[in-house]
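Order of listing sets the numbers, starting from 1, for every ligand and every atom in it.
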Amino acid sequence: MTAQRIDGKAFAARLRERVGEAAAGFATKAGRRPGLAVVLVGEDPASNVYVRSKGKATVAANMESFEHRLAADTSDADLLALVDQLNNDDAVDGILVQLPLPGHLDEQSIIAAISPDKDVDGFHVINAGRLSVGQSGFVPCTPLGCMMLLTDRLGDLSGLEAVVIGRSNIVGKPMAQLLVDANATVTIAHSRTKGLASVVKRADIVVAAVGRPEMIGKDWLKDGATVIDVGINRLPPEPGADKGKLVGDVAFAEASEVAGAITPVPGGVGPMTIAVLLRNTLVAAHRNAGLTAPEGL
Ligand code: GUN
(Lines give C-alpha, C1' and ligand atoms only; values in the text may rest on other atoms or scores of the structure.)
Protein backbone atom coordinates (compact mmCIF):
# COMPACT_ATOMS: atom_id res chain seq x y z
CA MET A 1 0.00 0.00 0.00
CA THR A 2 1.15 3.54 -0.59
CA ALA A 3 -0.21 6.10 1.81
CA GLN A 4 -2.17 9.07 0.61
CA ARG A 5 -0.13 12.25 1.00
CA ILE A 6 -1.94 14.82 3.16
CA ASP A 7 -1.30 18.12 1.41
CA GLY A 8 -1.06 20.64 4.25
CA LYS A 9 0.28 23.28 1.92
CA ALA A 10 -2.81 23.20 -0.28
CA PHE A 11 -5.16 22.98 2.73
CA ALA A 12 -3.41 25.98 4.32
CA ALA A 13 -3.69 27.98 1.09
CA ARG A 14 -7.46 27.37 0.99
CA LEU A 15 -7.82 28.34 4.66
CA ARG A 16 -5.84 31.55 4.09
CA GLU A 17 -8.08 32.35 1.14
CA ARG A 18 -11.25 31.95 3.26
CA VAL A 19 -9.72 33.96 6.11
CA GLY A 20 -8.75 36.71 3.67
CA GLU A 21 -12.30 36.94 2.34
CA ALA A 22 -13.73 37.02 5.85
CA ALA A 23 -11.19 39.68 6.86
CA ALA A 24 -12.39 41.87 4.00
CA GLY A 25 -15.96 41.36 5.24
CA PHE A 26 -14.86 42.30 8.75
CA ALA A 27 -13.27 45.51 7.47
CA THR A 28 -16.55 46.52 5.81
CA LYS A 29 -18.49 46.02 9.05
CA ALA A 30 -15.93 47.27 11.57
CA GLY A 31 -14.37 50.09 9.53
CA ARG A 32 -10.88 48.71 10.11
CA ARG A 33 -8.86 45.62 9.23
CA PRO A 34 -8.04 42.89 11.73
CA GLY A 35 -4.59 43.62 13.20
CA LEU A 36 -1.80 41.25 14.22
CA ALA A 37 1.25 42.45 16.15
CA VAL A 38 4.36 40.29 16.05
CA VAL A 39 7.21 40.97 18.46
CA LEU A 40 10.69 39.67 17.73
CA VAL A 41 13.49 40.14 20.25
CA GLY A 42 17.01 39.65 18.88
CA GLU A 43 18.29 38.34 15.60
CA ASP A 44 17.72 34.57 15.62
CA PRO A 45 17.85 33.75 11.88
CA ALA A 46 15.07 31.12 11.92
CA SER A 47 12.79 33.45 13.91
CA ASN A 48 13.59 36.25 11.48
CA VAL A 49 12.40 34.10 8.57
CA TYR A 50 9.20 33.14 10.43
CA VAL A 51 8.41 36.73 11.37
CA ARG A 52 8.92 37.96 7.83
CA SER A 53 6.66 35.27 6.37
CA LYS A 54 4.01 35.93 9.03
CA GLY A 55 4.04 39.63 8.10
CA LYS A 56 3.58 38.88 4.40
CA ALA A 57 0.83 36.32 5.00
CA THR A 58 -0.99 38.78 7.28
CA VAL A 59 -1.07 41.50 4.64
CA ALA A 60 -2.06 38.98 1.94
CA ALA A 61 -5.04 38.00 4.13
CA ASN A 62 -6.32 41.60 4.21
CA MET A 63 -5.07 42.26 7.73
CA GLU A 64 -2.78 44.88 9.26
CA SER A 65 0.64 43.64 10.29
CA PHE A 66 2.48 45.46 13.09
CA GLU A 67 6.06 44.31 13.45
CA HIS A 68 8.12 45.19 16.49
CA ARG A 69 11.78 44.25 16.34
CA LEU A 70 13.66 44.77 19.57
CA ALA A 71 17.37 44.49 20.36
CA ALA A 72 18.64 41.20 21.78
CA ASP A 73 19.48 42.90 25.09
CA THR A 74 15.95 44.32 25.63
CA SER A 75 14.94 44.14 29.31
CA ASP A 76 11.90 42.38 30.74
CA ALA A 77 10.56 45.81 31.73
CA ASP A 78 10.82 47.21 28.20
CA LEU A 79 9.24 44.14 26.64
CA LEU A 80 6.44 44.19 29.22
CA ALA A 81 5.86 47.88 28.45
CA LEU A 82 5.46 47.06 24.75
CA VAL A 83 3.05 44.21 25.50
CA ASP A 84 1.04 46.57 27.67
CA GLN A 85 0.92 49.15 24.88
CA LEU A 86 -0.29 46.49 22.40
CA ASN A 87 -2.89 45.20 24.89
CA ASN A 88 -4.34 48.71 24.97
CA ASP A 89 -4.16 49.40 21.23
CA ASP A 90 -7.59 48.99 19.60
CA ALA A 91 -6.01 48.42 16.18
CA VAL A 92 -4.30 45.29 17.51
CA ASP A 93 -6.47 42.16 17.76
CA GLY A 94 -3.74 39.57 18.12
CA ILE A 95 -0.33 39.67 19.79
CA LEU A 96 2.40 37.12 19.11
CA VAL A 97 5.73 37.25 20.90
CA GLN A 98 8.08 35.10 18.86
CA LEU A 99 9.67 32.29 20.88
CA PRO A 100 12.30 31.38 21.91
CA LEU A 101 13.15 34.64 23.68
CA PRO A 102 16.77 35.40 24.58
CA GLY A 103 17.74 33.56 27.78
CA HIS A 104 17.75 36.59 30.11
CA LEU A 105 14.04 37.20 29.52
CA ASP A 106 11.32 35.49 31.57
CA GLU A 107 9.17 33.82 28.90
CA GLN A 108 6.41 32.82 31.34
CA SER A 109 5.87 36.31 32.70
CA ILE A 110 5.91 37.85 29.21
CA ILE A 111 3.24 35.42 27.96
CA ALA A 112 1.24 36.00 31.14
CA ALA A 113 1.22 39.75 30.39
CA ILE A 114 -0.50 39.31 27.00
CA SER A 115 -4.24 39.91 27.21
CA PRO A 116 -5.84 36.43 26.93
CA ASP A 117 -8.29 37.91 24.40
CA LYS A 118 -5.39 38.91 22.13
CA ASP A 119 -3.36 35.74 22.75
CA VAL A 120 -3.75 34.29 19.25
CA ASP A 121 -0.93 31.79 19.96
CA GLY A 122 -3.07 30.26 22.73
CA PHE A 123 -0.06 30.12 25.06
CA HIS A 124 -1.52 32.06 28.01
CA VAL A 125 -2.49 29.91 31.02
CA ILE A 126 -6.02 31.29 30.76
CA ASN A 127 -6.34 29.90 27.23
CA ALA A 128 -4.70 26.58 28.23
CA GLY A 129 -7.27 26.45 31.05
CA ARG A 130 -10.15 27.32 28.76
CA LEU A 131 -9.13 24.50 26.41
CA SER A 132 -8.86 22.06 29.26
CA VAL A 133 -12.34 22.82 30.66
CA GLY A 134 -14.05 23.21 27.27
CA GLN A 135 -14.57 26.99 27.19
CA SER A 136 -13.96 28.88 23.99
CA GLY A 137 -10.60 30.64 23.88
CA PHE A 138 -7.57 30.46 21.63
CA VAL A 139 -6.02 27.11 20.78
CA PRO A 140 -2.32 26.90 19.82
CA CYS A 141 -1.97 27.10 16.04
CA THR A 142 0.01 23.95 15.27
CA PRO A 143 -2.21 21.44 17.09
CA LEU A 144 -5.35 23.14 15.80
CA GLY A 145 -3.94 22.87 12.27
CA CYS A 146 -3.20 19.16 12.83
CA MET A 147 -6.76 18.68 14.00
CA MET A 148 -8.12 20.32 10.85
CA LEU A 149 -6.06 17.95 8.68
CA LEU A 150 -7.22 14.94 10.71
CA THR A 151 -10.92 15.75 10.59
CA ASP A 152 -10.67 16.60 6.89
CA ARG A 153 -9.18 13.17 6.25
CA LEU A 154 -11.09 11.03 8.77
CA GLY A 155 -14.31 12.85 9.55
CA ASP A 156 -15.56 11.64 12.94
CA LEU A 157 -12.68 10.60 15.25
CA SER A 158 -14.94 8.93 17.84
CA GLY A 159 -13.44 5.81 19.35
CA LEU A 160 -10.22 5.96 17.36
CA GLU A 161 -6.92 5.23 19.14
CA ALA A 162 -4.65 8.26 18.99
CA VAL A 163 -1.06 8.39 20.18
CA VAL A 164 0.59 11.79 20.57
CA ILE A 165 4.37 11.56 20.88
CA GLY A 166 5.59 14.65 22.71
CA ARG A 167 4.20 16.52 25.71
CA SER A 168 5.08 20.16 25.11
CA ASN A 169 2.71 22.94 26.14
CA ILE A 170 2.73 24.20 22.55
CA VAL A 171 1.95 20.97 20.70
CA GLY A 172 1.66 17.68 22.62
CA LYS A 173 -0.62 18.67 25.49
CA PRO A 174 -3.11 20.80 23.53
CA MET A 175 -3.12 18.18 20.73
CA ALA A 176 -4.09 15.48 23.21
CA GLN A 177 -6.83 17.71 24.62
CA LEU A 178 -8.29 18.38 21.17
CA LEU A 179 -8.27 14.66 20.35
CA VAL A 180 -10.01 13.78 23.63
CA ASP A 181 -12.60 16.47 22.94
CA ALA A 182 -13.19 14.79 19.56
CA ASN A 183 -13.87 11.49 21.39
CA ALA A 184 -10.64 9.73 20.45
CA THR A 185 -8.92 7.47 22.98
CA VAL A 186 -5.66 9.28 23.61
CA THR A 187 -2.22 8.28 24.85
CA ILE A 188 0.49 10.88 25.39
CA ALA A 189 3.86 9.20 24.86
CA HIS A 190 7.27 10.81 25.38
CA SER A 191 10.98 10.17 25.79
CA ARG A 192 10.47 8.11 28.96
CA THR A 193 7.66 5.94 27.58
CA LYS A 194 8.51 2.24 27.85
CA GLY A 195 8.05 0.22 24.66
CA LEU A 196 7.28 3.33 22.60
CA ALA A 197 7.16 1.42 19.30
CA SER A 198 4.51 -0.97 20.60
CA VAL A 199 2.46 1.93 22.00
CA VAL A 200 2.54 3.67 18.62
CA LYS A 201 1.60 0.41 16.89
CA ARG A 202 -1.86 0.56 18.53
CA ALA A 203 -2.64 3.91 17.01
CA ASP A 204 -5.16 4.68 14.29
CA ILE A 205 -3.83 8.26 14.55
CA VAL A 206 -0.18 9.11 15.24
CA VAL A 207 0.87 12.70 15.93
CA ALA A 208 4.65 12.92 16.14
CA ALA A 209 6.12 16.00 17.83
CA VAL A 210 9.41 14.92 19.33
CA GLY A 211 12.09 16.60 17.24
CA ARG A 212 14.04 13.42 16.46
CA PRO A 213 14.79 13.03 12.74
CA GLU A 214 13.05 10.05 11.15
CA MET A 215 12.66 8.25 14.48
CA ILE A 216 9.39 6.57 13.56
CA GLY A 217 9.84 3.78 11.05
CA LYS A 218 7.35 1.56 9.28
CA ASP A 219 7.62 -1.20 11.92
CA TRP A 220 6.09 1.20 14.47
CA LEU A 221 2.90 1.78 12.51
CA LYS A 222 -0.40 -0.03 12.31
CA ASP A 223 -1.59 -0.78 8.79
CA GLY A 224 -3.62 2.13 7.47
CA ALA A 225 -2.75 4.56 10.31
CA THR A 226 -3.11 8.30 9.73
CA VAL A 227 0.24 9.93 10.50
CA ILE A 228 0.68 13.62 11.28
CA ASP A 229 4.34 14.63 11.42
CA VAL A 230 4.97 17.87 13.33
CA GLY A 231 8.76 17.43 13.37
CA ILE A 232 10.98 19.77 11.38
CA ASN A 233 14.57 18.56 11.65
CA ARG A 234 17.54 19.49 9.54
CA LEU A 235 19.91 16.61 8.76
CA PRO A 236 23.66 17.27 8.57
CA PRO A 237 24.59 18.48 5.06
CA GLU A 238 25.67 15.95 2.44
CA PRO A 239 29.27 16.44 1.30
CA GLY A 240 29.40 19.49 -0.97
CA ALA A 241 26.00 20.87 0.13
CA ASP A 242 25.74 23.89 2.40
CA LYS A 243 22.46 22.90 4.05
CA GLY A 244 21.12 19.53 5.21
CA LYS A 245 17.77 18.13 4.11
CA LEU A 246 14.62 18.91 6.14
CA VAL A 247 12.98 15.79 7.52
CA GLY A 248 10.22 15.05 9.99
CA ASP A 249 10.08 12.77 13.02
CA VAL A 250 8.74 10.04 10.74
CA ALA A 251 10.77 8.18 8.08
CA PHE A 252 8.42 9.34 5.31
CA ALA A 253 9.27 6.94 2.46
CA GLU A 254 9.10 3.73 4.46
CA ALA A 255 6.18 4.88 6.62
CA SER A 256 4.25 5.53 3.39
CA GLU A 257 4.36 1.78 2.71
CA VAL A 258 2.26 1.09 5.80
CA ALA A 259 0.29 4.24 6.67
CA GLY A 260 -3.11 5.04 5.16
CA ALA A 261 -2.29 8.74 4.98
CA ILE A 262 0.69 10.84 6.02
CA THR A 263 1.82 14.46 6.04
CA PRO A 264 5.12 15.21 4.27
CA VAL A 265 7.90 17.45 5.63
CA PRO A 266 8.06 20.09 4.32
CA GLY A 267 4.56 20.84 2.99
CA GLY A 268 2.49 19.11 5.67
CA VAL A 269 1.86 20.61 9.10
CA GLY A 270 4.28 23.56 8.71
CA PRO A 271 2.13 25.73 6.41
CA MET A 272 -0.90 25.13 8.63
CA THR A 273 0.58 27.04 11.58
CA ILE A 274 0.54 30.47 9.91
CA ALA A 275 -2.86 29.82 8.31
CA VAL A 276 -4.34 29.02 11.73
CA LEU A 277 -2.62 32.06 13.25
CA LEU A 278 -4.48 34.22 10.72
CA ARG A 279 -7.69 32.35 11.47
CA ASN A 280 -7.23 32.98 15.21
CA THR A 281 -6.54 36.66 14.53
CA LEU A 282 -9.73 36.93 12.47
CA VAL A 283 -11.70 35.34 15.32
CA ALA A 284 -10.03 37.69 17.84
CA ALA A 285 -10.98 40.70 15.71
CA HIS A 286 -14.63 39.66 15.64
CA ARG A 287 -14.73 39.07 19.40
CA ASN A 288 -12.93 42.34 20.16
CA ALA A 289 -15.36 44.23 17.92
CA GLY A 290 -18.43 42.50 19.40
CA LEU A 291 -19.20 40.80 16.06
CA THR A 292 -19.99 37.13 15.45
CA ALA A 293 -17.08 35.25 13.90
CA PRO A 294 -17.93 33.47 10.65
CA GLU A 295 -18.57 29.72 10.91
CA GLY A 296 -16.48 27.06 9.25
CA LEU A 297 -13.04 28.54 9.75
N1 GUN B 1 8.29 30.01 17.49
C2 GUN B 1 8.11 28.98 16.61
N3 GUN B 1 6.81 28.79 16.37
C4 GUN B 1 6.13 29.71 17.09
C5 GUN B 1 4.75 30.01 17.25
O6 GUN B 1 3.85 29.38 16.68
N7 GUN B 1 4.48 31.05 18.07
C8 GUN B 1 5.45 31.75 18.72
N9 GUN B 1 5.07 32.74 19.51
N10 GUN B 1 6.73 31.49 18.61
C11 GUN B 1 7.07 30.47 17.80
Side-chain angles (χ1 to χ4, degrees), residues 8 12 15-16 19 35-58 61 63 65-70 72 74 76 79-80 82-83 86-87 92-103 105-128 131 137-149 166 168-175 178 207-211 228-234 246 248-249 265-266 268-284:
L15 177 55
R16 281 165 58 169
V19 169
L36 173 63
V38 175
V39 180
L40 174 62
V41 184
E43 301 283 334
D44 178 64
S47 293
N48 231 320
V49 173
Y50 289 140
V51 166
R52 203 169 332 122
S53 55
K54 279 172 198 165
K56 279 193 201 153
T58 305
M63 300 186 188
S65 170
F66 306 100
E67 262 180 43
H68 295 268
R69 290 167 180 269
L70 305 182
T74 297
D76 273 312
L79 183 51
L80 288 168
L82 174 59
V83 168
L86 297 171
N87 282 340
V92 172
D93 295 295
I95 302 170
L96 179 149
V97 176
Q98 184 69 26
L99 302 180
L101 287 169
L105 293 170
D106 178 5
E107 224 160 76
Q108 289 297 332
S109 71
I110 305 293
I111 292 169
I114 297 171
S115 162
D117 298 326
K118 296 191 177 187
D119 170 39
V120 285
D121 258 333
F123 293 170
H124 194 290
V125 286
I126 293 279
N127 282 316
L131 176 61
F138 292 107
V139 176
C141 303
T142 301
L144 185 52
C146 293
M147 205 59 197
M148 290 177 182
L149 296 178
S168 69
N169 293 331
I170 294 178
V171 182
K173 285 185 217 166
M175 188 73 233
L178 290 168
V207 180
V210 266
I228 304 292
D229 191 351
V230 183
I232 300 179
N233 311 291
R234 201 172 281 282
L246 275 186
D249 293 343
V265 176
V269 172
M272 292 299 293
T273 301
I274 290 184
V276 175
L277 174 69
L278 299 173
R279 178 253 174 223
N280 282 356
T281 303
L282 178 77
V283 171

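- The two atoms that bring Asp119 and His124 nearest to each other are OD2-N, 2.8 Å, heavy atoms only.
- Comparing Val39, Val120, Asp121, Leu99 by heavy-atom distance to atom 9 (N) of ligand 1, the nearest is Asp121.
- Checking each of Val276, Val171, Val269, Thr273 against Cys146 for a side-chain contact (heavy atoms from CB on, under 4.5 Å) leaves exactly one that passes, namely Val269.
- In plain terms, the two heavy atoms of Thr74 and Leu105 that are nearest each other are O-CD2, 3.4 Å.
- Close approach of ligand 1 to Leu96 is summarised as follows: ligand atoms under 4.0 Å from at least one heavy atom of the residue are 9 (N).
- In this structure the side chain of Val38 reaches within 4.5 angstrom of the side chain of Leu36, judged on heavy atoms.
- Protein heavy atom at the shortest distance from atom 4 (C) of ligand 1 is Gln98 NE2, 4.2 Å.
- Residue Phe123 has at least one heavy-atom neighbour below 4.0 Å for each of these atoms of ligand 1: 7 (N), 8 (C), 9 (N).
- A donor-acceptor pair is defined here as one N or O able to donate and one able to accept, closer than 3.5 Å; such a pair exists between the side chain of Asp249 and the backbone of Val210.
- The part of Val97 lying near ligand 1 is the backbone, judged by heavy-atom distances below 4.0 Å.
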